[in-house]
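Here it is: the structure, laid out below.
What you are looking at is a predicted structure, and each value in this text was computed from that prediction instead of being measured.
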Amino acid sequence: MKIIKYFISIFLIFILGISAVSCEDYLDKAPESDISDKDAFGNFVSFQGFIEEMYNCIMDPDKGGAWNRCLFADETLGPSPYPFDQGNYWSNETYFFGQSVNTTDGNSRTKRVWEYAWYAIRKANLALAKIEEEGLFEGTEEEKNHLKGQALFFRGWFYFEVCRFWGGMPYIDRMLDPNEDLFTADFKRLNFKETALKMASDFRAAADLLPDHWDLSGPGQATKGHNKGRINKFFALGYLGKVYLYAASPMINEEATGNNAYDPELCAKAASAFGELLQLADRTGIYKMQTWATWTDCFWRWNYERPGGTECIMMPTIYDRSRVRWSTLGAMTPSSIGMNSGSSADVPTHNYIKNYAMANGLPVTDPESRYDPNDPWTGREPRFYKDILKDGDQIWQTAGVDQFAQLYNGGRHRNGINPASVTGYYYLRYAPLGKDFTASKANNLQAYKPYLRLADIYLMYAEAANFSSGGGPSAKASNYSMTALDALNVVRNRAQLPDLAEKYYADKDIFFEEIVRERAVELAFEGQRFDDLRRWNRNYDSRYLDKTALDFDRGTDGKPINIRERVVIRRAVEKKHNWLPIQVKYTTQYEGFTQNPGW
C-alpha cells in the first residue's frame, strides 16, 4: 500500500498544484479544466499515479461488506443457507456488484467486482492510448514498458475477473466515443473462449514488457523494498497460463465447440506459459515455495506484517488493515470470544474435509489409508491440523469456557452460543486459533486470500500437461523439465506427504482425480473451488452437491462417539449456474449484450 500511496500522492500534488488558482479564476472555470494531458501523462511519476487507480480496483474477497461470503461451492456453511446454495445466483452477496466506484476512499467494503472491473478496463484503455500518443510521454523506454505492461495486464486481468463469473464479454480494447453506435460487432458478447484468447494476447504482451521484479528495474528504484505488490512478469505469465487453462477446460470448451472435454492445444499453451514462469522462478529465485514450517505465511501474519511470503505472486490490495479483525476474523471464529458481532459463523463442511488425505498420503476412501470413520481426525495429513479446528482443540490463550472447542452435540460451540458452528468445525486458514491466539494479537493480525501463488501454478501446470496432446502424468511442457506428476509431488512433498502412490497415476483420468483432490486441499477456502467445479463441468455433479455436518457425542476419553454424517443442505445447481446472471439493467441496454443461458 505504501507504493500505491506514493504514486497517488504525487499524482494528487499535480492536481492540487494546478488547481491552486485565484478565486476569480476558480469562479470562471472548474480547476480540473486546467489539468493538461501533459501534466497527467507527460512523465513516469504522474503517469504511474494514473495507473495506481487500477490497483485500487482490486477486490479484497472476504472484506467487501462488514464481511461477505466469497466461497460459493461445497466448502462452507453458515447459520442460515446461502442464497447460492438455494440456486439464487441473483443475490448480490456484497461481492459482485452494487457500489459506485470510489478508488480513493481506502475502504475495502465499497469494492465490488462488476463496477470496479469495468472502470479499470476503461482506465487501462485510456493509459494505452496516452502512452502511444505522439509527443505526450517523455521518459525512458524502460519506463514506458513498465507503464504499458501494467495497463495491458490490468485490462486482461479485470476482464478475467468479470468473465470467470459472468462468461464471455465484448472485448473493448480502445477508448470509446460517447456517441458510438452500440449495434456493431465490437459490442457483441463473445463466448468465454473467444474473450480468453484476447486476454491471453494482453497477458503475453504484458509479460514481454514487464520486469522480473520492480526492485531489479530502473523505474522501481525510487520505491525499492516496497514493490512486492507491483505487477511484474510473473503476474502476467501466471494469468496467461490460467486463461489458457480455463479456455481449455471442459465447460468452456463445450460452450465453444459442444465437446465436453479438454482442448489439448490450449492445454499445451497453458503448460508452456506455466513452464516459462517456473523456469524463471528457478533461475531467479524471486518466487519460491514456502517451507512447510512457514506455509501459513501465505495466508496470515501477526504484528501488521503483510502475508504472502516468497510464494504468493498476487495478493489483494490492502485498503484498511483493521478490517481483518472485524471482517475476516469476525466471520470465522466463535462469536463468544469477542471476534464478531454474532451475526455470522462461516465454517467448513464435513464433506469438504474428506478431501484431506491420511498421513501416509492416501485418500480416506482408499482401504489401505488406515482411515477410521469412527476416529476420523486421527492420523490425517499435516494440512488438516493447520486448516481445521475440531472438537477439543484449543481456541485461544484465555482460560475459561471458550478456551477449548466444544463441538459435540450440545457443546457450547455447537449449540450453546448463537451463532455456533453448524457443522462441528471451524477453519484456521485465515483465523489462526490456538494456544497463541489472543484478542490483543487479533487486532494486529493480517490475513488475506491469495489471488495467485506458486503452489497453484504447479497444480495448474500438472493439469495442463496431463491433458495436452500426448499428455498424461509423465507429460511435460515443451519448455520445462518437470512432468505433470513431478509438479503435483512438489506440492505434496512440501505438505510432508510422500510422492503420489503409483496406482493413482496409472492413466490421465485417475491422475486427474488426484489433481482435483489436491487442489481442494492445498487451495482450500481461497476462492478457487467455485471456479474449478464450474470449469470442470462438475458444479452440478452429485458428488459435490451435499453439504454435510458431523454430529457426534464426546466419549469419556475425549474421542467422538455416536458419529453420524448429516446433510444440512443439497445445493440447488443445474447447468445454467455455470454463469451468474447479468443484471437486467445491463442486458436491456442493447440487443447485442445478451443474458446468460437459462436466466
Side-chain angles (χ1 to χ4, degrees), residues 1-8 10-11 41 43-56 58 120 123-124 127-128 130-132 137-158 160 199-243 272-289 306 308-317 450-454 456-457 479-480:
M1 195 65 184
K2 288 181 181 178
I3 174 68
I4 292 175
K5 287 181 177 177
Y6 169 80
F7 281 114
I8 288 182
I10 295 298
F11 187 61
F41 304 107
N43 63 72
F44 178 76
V45 172
S46 59
F47 206 130
Q48 184 62 31
F50 179 83
I51 294 284
E52 292 303 321
E53 266 202 288
M54 287 180 268
Y55 287 89
N56 280 357
I58 297 172
K123 284 193 72 74
L128 290 166
K130 293 301 180 184
I131 198 69
E132 299 296 348
F137 176 73
E138 295 180 15
T140 68
E141 191 68 18
E142 187 182 22
E143 288 174 335
K144 180 178 179 180
N145 288 345
H146 280 48
L147 296 167
K148 187 175 181 180
Q150 288 174 95
L152 285 164
F153 174 84
F154 276 128
R155 183 168 67 189
W157 191 82
F158 281 107
F160 181 74
M199 297 178 217
S201 178
D202 279 346
F203 289 135
R204 180 68 266 173
D208 293 340
L209 292 169
L210 289 165
D212 297 347
H213 196 287
W214 279 52
D215 278 359
L216 305 176
S217 73
Q221 294 309 295
T223 49
K224 189 172 182 178
H226 300 286
N227 290 319
K228 188 173 178 61
R230 187 75 31 217
I231 304 301
N232 60 40
K233 191 182 296 290
F234 287 89
F235 288 63
L237 289 174
Y239 275 95
L240 175 62
K242 194 162 188 169
V243 296
S272 179
F274 295 135
E276 186 177 347
L277 185 154
L278 292 171
Q279 191 177 71
L280 185 64
D282 292 344
R283 187 174 72 249
T284 64
I286 292 173
Y287 295 99
K288 54 188 175 183
M289 295 282 277
R306 185 187 183 103
T310 61
E311 182 172 329
C312 293
I313 298 170
M314 185 170 186
M315 297 287 280
T317 296
Y451 271 108
L452 187 70
R453 62 187 177 98
L454 209 53
D456 187 16
I457 299 295
N479 60 349
Y480 196 56

* To do: Could you check whether the rings of W214 and H146 sit parallel, tilted or perpendicular, using 30° and 60° as the cut-offs?
  => perpendicular
* Using a distance-only test with no angle check, is there a side-chain donor-acceptor pair under 3.5 angstrom linking Q48 and Q150? -> yes
* Structure fact -> Between N232 and P211, the two heavy atoms sitting closest are CB-O, 3.2 Å
* Indicate yes or no for a side-chain donor-acceptor contact from T223 to the backbone of H226 under 3.5 Å, with no hydrogens or angles considered. => no
* Asked: What distance separates F47 CZ from K148 NZ, expressed to the nearest 0.5 Å?
  -> 11.0 Å
* Structure fact -> Shortest non-hydrogen pair, L237 vs A273, comes out as O-CB, 4.0 Å
* **N479 (side chain) donor-acceptor with S272 (main chain) under 3.5 angstrom** => yes
* Asked: Where the side chain of K144 meets the backbone of E132, is there a donor-acceptor pair that is under 3.5 Å apart?
  -> no
* Under 4.5 Å between any side-chain heavy atoms of K242 and F160, yes or no? -> yes
* **Which atom of I58 lies closest to which atom of M314, heavy atoms considered** => CD1-CE, 3.8 Å
* Asked: Just by distance, do the side chain of T310 and the backbone of K288 share a donor-acceptor pair under 3.5 Å?
  -> yes
* Over all atoms of both residues, closest heavy-atom pair of D202 and G156 -> OD2-N, 4.0 Å
* Find the distance between CD1 (I286) and CG (D212) and round it off to the nearest 0.5 Å. => 4.5 Å
* Can you tell me how far CE of M54 sits from CZ of R155, rounded to the nearest 0.5 angstrom? -> 10.5 Å
* Asked: So, R230 and Y55: side-chain donor and acceptor under 3.5 Å apart, yes or no?
  -> yes
* Checking salt bridge (charged side-chain N to carboxylate O under 4.0 Å, His left out) for the pair K233/E276: CA distance, chi angles, key distance, verdict? -> CA-CA 10 Å; K233 191 182 296 290; E276 186 177 347; over 6 Å; no
* Spatial distance of atom CZ (F234) from atom CG (L278) [nearest 0.5 Å] -> 9.0 Å
* To do: With K123 as the cation and F50 as the aromatic partner, state whether NZ or CZ is under 6.0 Å from the six-membered ring centre and within 45° of the axis.
  => yes
* **OH-CG distance between Y287 and L277, expressed to the nearest 0.5 angstrom** => 9.0 Å
* Please round to the nearest 0.5 Å and tell me the distance separating atom CG of L210 and atom CZ of F153. => 8.5 Å
* Asked: Which pair of non-hydrogen atoms, one from M315 and one from Y451, has the smallest distance, and what is that distance?
  -> C-CD1, 4.0 Å
* To do: Taking all non-hydrogen atoms of both residues into account, name the closest pair between C312 and R453 and its distance.
  => CA-CB, 3.8 Å
* Go through W157 and L452 one step at a time and tell me if the side-chain contact (heavy atoms from CB on, under 4.5 Å) criterion holds. => CA-CA 12 Å; W157 191 82; L452 187 70; over 6 Å; no
* Any side-chain heavy atom of Y239 within less than 4.5 Å of one from M199? -> no
